[in-house]
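What follows is a short report on a single structure.
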Amino acid sequence: MARPLVPGLVAEGREDEDFLGAVIYRQLRELTLASATSAVDVEPTQIGSCRSIRDHRSVAEALAELSGDCHVLFVHNDMKERHKAEQVIGACRLRAPVIGLVPVKETEARMLADRRAWADIRRANLDALPARPRDVEGVGDPKQALKDVIPRKSDAADYAKRIGQTIDLDTLAQVPAYKDWVTRTNTVLKGLGYL
């Protein structure tokens, strides 16, 4: 029988929840398929009841609520709010380990890493994408860069989940901050006996 692995996420906004929820699920599946000590059934990412831009107490309560059903928890904040993720993680005493998920600037930059994920989207402006995946961390305004890529009269939130489901994880791992997150997640999964 497969051992369940349920991830939980508290993120800043809906776009982050859609993109990161899909990526977390897929990355955990890939890690466990490659190195699990026994069969693991990764379940879809559970989303917290509040956004991580809220006060520490509300975020801690959302994490506590998730920890009842989840085996590993992720807290997302963009770089300008990094201290919030660090403070919440430091203050929480939960059964499930908590891992910070903080991009160099904003999550939208990671959505720009894989040209092939955007190639199937009609009227996406591929010329607005960075030349190499690792270059996304140098994008000055990731939200604007994403707006430049998506088809006109569309909203980035319309594409967040789709890109999260199709982005190539090996390509995404070329982004240094993402690769660091995968390494930290791998270490936590080893500590929990999944790998």
Practice task
Give the intermediate values and the outcome of side chain to side chain contact (heavy atoms under 4.5 Å, CB included) for residues I99 and V75.
Solution key: CA-CA 6 Å; I99 302 170; V75 176; over 6 Å; no
Practice task
Check the pair Q27, T185 against side chain to side chain contact (heavy atoms under 4.5 Å, CB included), reporting the backbone distance first and the verdict last.
Solution key: CA-CA 9 Å; Q27 188 65 68; T185 300; over 6 Å; no
Exercise for the section: Test side-chain hydrogen bond (donor to acceptor under 3.5 Å, both in side chains) on Y194 and T37 and set out the steps. Expected result: CA-CA 6 Å; Y194 284 99; T37 55; over 6 Å; no
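R115 contributes a side-chain N or O that, together with a main-chain N or O of L126, makes up a donor-acceptor pair within less than 3.5 Å. Without hydrogens or angle criteria, T107 side chain to P103 main chain gives no donor-acceptor distance under 3.5 Å. Remark: side-chain polar atoms of R184 are not paired, donor with acceptor, to backbone N or O of L101 under 3.5 angstrom. Looking only at distances, a side-chain donor or acceptor of H76 sits under 3.5 Å from a matching main-chain atom of E12. A donor-acceptor pair under 3.5 Å is absent between the side-chain atoms of K143 and the main chain of E108, judged by distance alone. In this structure a side-chain-to-backbone donor-acceptor pair under 3.5 Å is present from E137 to A177.
A chain of hydrophobic side-chain contacts below 4.5 Å, direct or via other Ile, Leu, Val, Met, Phe, Trp or Tyr residues, connects I24 to I47. Under a hydrophobic clustering in which Ile, Leu, Val, Met, Phe, Trp and Tyr are joined whenever their side-chain heavy atoms come within less than 4.5 Å, directly or via other members, L31 and L9 fall into the same cluster. Cluster annotation: L195 is connected to L192 through the hydrophobic network of ILVMFWY side chains, with a link wherever side-chain heavy atoms come within less than 4.5 Å. A single hydrophobic cluster is seen to contain both Y25 and L28, as judged by linkage of ILVMFWY side chains at heavy-atom distances under 4.5 Å, directly or through other members. The hydrophobic cluster containing V139 does not contain M111, counting ILVMFWY residues as joined when their side-chain heavy atoms lie under 4.5 angstrom apart, directly or transitively.
Taking 4.5 Å as the limit, every side-chain heavy atom of R122 sits out of range of all side-chain heavy atoms of P151. Inter-residue side-chain proximity for L5 and E43 is flagged as unmet; no heavy-atom pair is nearer than 4.5 Å. A heavy-atom distance below 4.5 Å is not found between the side chains of L146 and Y159. Side-chain contact between R26 and T45: absent, with no pair of heavy atoms (C-beta onward) separated by less than 4.5 Å. L73 places none of its side-chain heavy atoms less than 4.5 Å from the side chain of P7. Taking the side chain as every heavy atom from C-beta outward, V149 and W118 approach each other to under 4.5 Å. A 4.5 Å side-chain heavy-atom check between P130 and L112 finds at least one atom pair inside the cut-off. With contacts defined as side-chain heavy-atom distances shorter than 4.5 Å, the pair D41/T32 does not qualify.
The two residues C50 and A62 make their nearest non-hydrogen contact at SG-CB, 3.8 Å. Scanning both residues, G138 and K105, for their nearest heavy atoms gives O-NZ, 4.2 Å. Of all heavy-atom pairs between D18 and A160, the closest is CB-CB, 4.0 Å. Smallest separation of non-hydrogen atoms from E106 and P142: OE1-CD, 3.4 Å.
Remark: Y178 pairs with W181 by the ring pair (Phe, Tyr, Trp, His ring centres under 6.0 Å) rule, at least two apart or across chains. Residues meeting the side-chain hydrogen bond (donor to acceptor under 3.5 Å, both in side chains) test with D69, sequence neighbours left out: none. Partners of R29 by salt bridge (charged side-chain N to carboxylate O under 4.0 Å, His left out), not counting sequence neighbours: none found. In this structure, the side-chain hydrogen bond (donor to acceptor under 3.5 Å, both in side chains) partners of S58, at least two apart in sequence or on a different chain, are D55. Residues satisfying the side-chain hydrogen bond (donor to acceptor under 3.5 Å, both in side chains) criterion with D135, sequence neighbours excluded, are R132.
A salt bridge is defined here as a Lys NZ or Arg NE, NH1 or NH2 lying under 4.0 Å from an Asp or Glu carboxylate O, and E61 with R57 meets this definition. At a threshold of 4.0 Å, the pair K161-E15 does not count as salt-bridged, since none of the basic side-chain nitrogens sits closer than that to a carboxylate oxygen.
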Which donor-acceptor pairs under 3.5 Å do side chains of residues 162-175 form with protein atoms, sequence neighbours excluded?
unit_1 : atom_1 : unit_2 : atom_2 : d
R162   : NH2    : D120   : O      : 3.4
T166   : OG1    : R162   : O      : 2.9
D168   : OD2    : D170   : N      : 3.3
D168   : OD2    : T171   : N      : 2.8
D168   : OD2    : T171   : OG1    : 2.8

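C70 contributes atom SG, which lies 9.5 Å from atom CD of E65 (distance to the nearest 0.5 angstrom). In this structure, OG in S35 is found 6.5 Å from CG in N186, a value given to the nearest 0.5 Å. Summarising the geometry, atom CG belonging to N125 is positioned 11.0 Å from atom CD1 belonging to I150; distances are rounded to the nearest 0.5 Å.
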